[in-house]
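This report refers to the structure that appears directly beneath it.
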Amino acid sequence: LFENEDFLAVDKPEGLASIPERSQEKNSLLALLSESYSTKLYVVHRLDKEASGVILFAKNPSAHRFMNERFLNRKVRKTYLILVHGRLRQDRGVIEKPLRQFGSGRMGVNTNRGKESTTEFCVLERAASYTLAEAHPVTGRRHQIRVHFYSIGHPVVGDLRYGDETQQESYPRLMLHAQRIECQLPGGRSLNIEAPVPESFEAVIKDICHSGRHR
């Protein structure tokens with residue numbers, strides 16, 4: 001999607017881990033890209049294995065430090081396209097619930113020991129029992145979007161971890177797509193990188209939303 005002397009942005013497909021998992025036998029996006037580059041690639045952020053979309057890597061230590069600082073100071077705007085169960089009542093909203101990781105690796109809301117977590121959202125379209133929306137995670141906690149929407153009774157469609165597994169396994173994928181990253185590069189240039197919505201995402205939308213959609 002984008003490349004210069006400092007950064008590389010690619011469109012990750014769903015089902016491919018961003019970085020090596022515990023089982024080193026499995027491929028990861030980082031491993032596959034590293035086969036094509038003689039220099040080391042540095043991880044700036046990650047996408048869930050089940051999600052698709054734009055992901056950014058640094059190509060040298062100074063670029064890595066620069067972008068890490070931008071993420072840390074919340075100067076990178078990320079836009080995700082999500083399909084959730086149920087009809088979100090608000091056209092726009094903010095979910096502010098502290099999150100923490102439990103021993104199982106599962107994330108959850110915890111008001112006492114959780115870290116500050118904020119997700120903004122904007123409804124794009126409503127169907128009979130689904131809502132298509134844009135989500136903007138202000139903070140960058142693990143599984144943040146998935147947990148936040150699950151916590152308000154609107155789990156992301158196809159989410160086997162944070163939803164009713166029996167219901168969710170009937171969907172072909174997790175309906176979470178990292179559509180856009182907006183940030184500033186060293187030197188001040190603004191960068192807007194967008195990953196096209198994959199056919200696998202569009203197919204689910206067509207199957208379950210367009211037949212009876214309304215605003």
Side-chain angles (χ1 to χ4, degrees), residues 1-14 16-21 28-34 36-82 92-101 105 107 109 114-122 124 133-149 156 174 176-198 201:
L1 298 174
F2 172 82
E3 184 175 7
N4 66 5
E5 66 276 9
D6 292 322
F7 298 102
L8 171 68
V10 299
D11 187 2
K12 187 189 85 66
E14 73 272 16
L16 180 66
S18 299
I19 62 173
E21 298 178 308
S28 70
L29 179 61
L30 178 61
L32 293 174
L33 290 173
S34 296
S36 302
Y37 286 83
S38 58
T39 58
K40 179 179 178 180
L41 294 175
Y42 297 81
V43 178
V44 174
H45 66 117
R46 304 175 189 178
L47 289 181
D48 296 345
K49 180 178 180 178
E50 304 89 346
S52 57
V54 60
I55 183 169
L56 187 66
F57 294 93
K59 296 170 67 177
N60 56 68
S62 61
H64 188 226
R65 287 192 297 271
F66 175 88
M67 197 56 69
N68 277 346
E69 182 179 345
R70 305 297 294 183
F71 271 90
L72 183 64
N73 293 324
R74 303 176 185 175
K75 294 182 179 180
V76 177
R77 182 170 174 82
K78 296 173 288 182
T79 301
Y80 288 77
L81 189 64
I82 61 171
R92 295 179 178 272
V94 180
I95 305 171
E96 293 183 290
K97 295 189 177 186
L99 303 179
R100 69 175 287 248
Q101 183 171 325
M107 300 293 291
V109 174
K115 295 181 179 180
E116 173 196 4
S117 305
T118 303
T119 302
E120 302 170 345
F121 68 86
C122 168
L124 300 177
E134 284 187 349
H136 305 281
V138 178
T139 50
R141 312 302 177 200
R142 183 170 182 259
H143 297 172
Q144 177 176 310
I145 293 173
R146 297 162 66 181
V147 178
H148 268 170
F149 281 91
V156 177
L174 175 70
L176 177 66
H177 176 67
Q179 190 171 29
R180 187 164 53 253
I181 287 181
E182 299 167 76
C183 59
Q184 191 177 59
L185 296 177
R189 175 190 169 190
S190 295
L191 184 65
N192 187 333
I193 310 169
E194 186 162 339
V197 180
F201 197 105

Hey, are the side chains of [X] and [Y] touching, using non-hydrogen atoms and a 4.5 Å cut-off?
{"X": "Val10", "Y": "Leu33", "result": "yes"}
{"X": "Leu174", "Y": "Val156", "result": "yes"}
{"X": "His148", "Y": "Met107", "result": "no"}

* Taking all heavy atoms of Gln144 and all of Thr118, pick out the closest pair and write down the distance. =>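 Looking at all heavy atoms of both residues, the closest pair is NE2-O, 2.8 Å.
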Closest contact, heavy atoms only, Ile82 versus Ala135: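 Heavy-atom minimum between the residues: CD1-CB, 4.1 Å.
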- Message: Using 0.5 Å steps for rounding, measure from the CZ atom of Phe7 to the CZ atom of Phe57.
- Response: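 Those atoms lie 13.0 Å apart.
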To the nearest 0.5 angstrom, please state how far the OG atom of Ser62 sits from the CE atom of Met67.
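CE of Met67 is found 11.0 Å from OG of Ser62.
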* Would Glu96 and Ser117 count as a side chain to side chain donor-acceptor pair (under 3.5 Å) if you check the C-alpha gap in whole Å, the side-chain angles of each, and the deciding distance to 0.1 Å? -> CA-CA 6 Å; Glu96 293 183 290; Ser117 305; over 6 Å; no
| said: Less than 6.0 angstrom separating the ring centers of Phe121 and His136, yes or no? | reply: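 No: the rings miss the under 6.0 Å criterion.
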Would you sort out whether His177 and Tyr80 count as a ring-ring contact (aromatic ring centres under 6.0 Å, His included), showing the intermediate values? CA-CA 5 Å; His177 176 67; Tyr80 288 77; 8.6 Å; no
Residues in salt bridge (Lys or Arg N to Asp or Glu O under 4.0 Å) contact with [X], at least two apart in sequence or another chain:
{"X": "Arg141", "result": "none"}
{"X": "Lys59", "result": "Glu3"}
{"X": "Asp48", "result": "Arg146"}

| query | Going through the checks in order, is the side-chain contact (heavy atoms from CB on, under 4.5 Å) test met by Val147 and Lys97? | reply | CA-CA 9 Å; Val147 178; Lys97 295 189 177 186; over 6 Å; no
| said: Applying side-chain contact (heavy atoms from CB on, under 4.5 Å) to Leu29 and Ile19, what does each step give before you reach the verdict? | reply: CA-CA 6 Å; Leu29 179 61; Ile19 62 173; over 6 Å; no
| request: Take Val54 and Arg180, measure what side-chain contact (heavy atoms from CB on, under 4.5 Å) needs, and give me the verdict at the end. | output: CA-CA 7 Å; Val54 60; Arg180 187 164 53 253; 5.7 Å; no
Do Lys78 and Glu194 meet the salt-bridge criterion of a basic N to acidic O distance under 4.0 Å?
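Salt bridge flag = no for Lys78 with Glu194.
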Notebook entry, point to check: Among Asn192, Val76, Val44, whose side chain to side chain contact (heavy atoms under 4.5 Å, CB included) with Cys183 holds?
Noted result: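 Among the candidates, only Val76 passes.
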We want to know whether Gln184 and Arg189 form a side-chain donor-acceptor pair, criterion being a heavy-atom distance below 3.5 angstrom.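 Gln184 vs Arg189: no donor-acceptor pair found between side chains.
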- [ ] I would like to know whether His64 and Asn68 meet side chain to side chain donor-acceptor pair (under 3.5 Å); could you show each step before the answer?
- [x] CA-CA 6 Å; His64 188 226; Asn68 277 346; 3.2 Å; yes
(request) Using the side-chain contact (heavy atoms from CB on, under 4.5 Å) rule, take Thr119 and Val138 through it: C-alpha gap first, then chi angles, then the decisive distance, then the call. (result) CA-CA 6 Å; Thr119 302; Val138 178; over 6 Å; no
(Q) A quick test of your reading: do over 12 heavy atoms of other residues, nucleotides or ligands sit less than 6.0 Å from CZ of Arg46? (A)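 Check fails, neighbour count at 12 or below.
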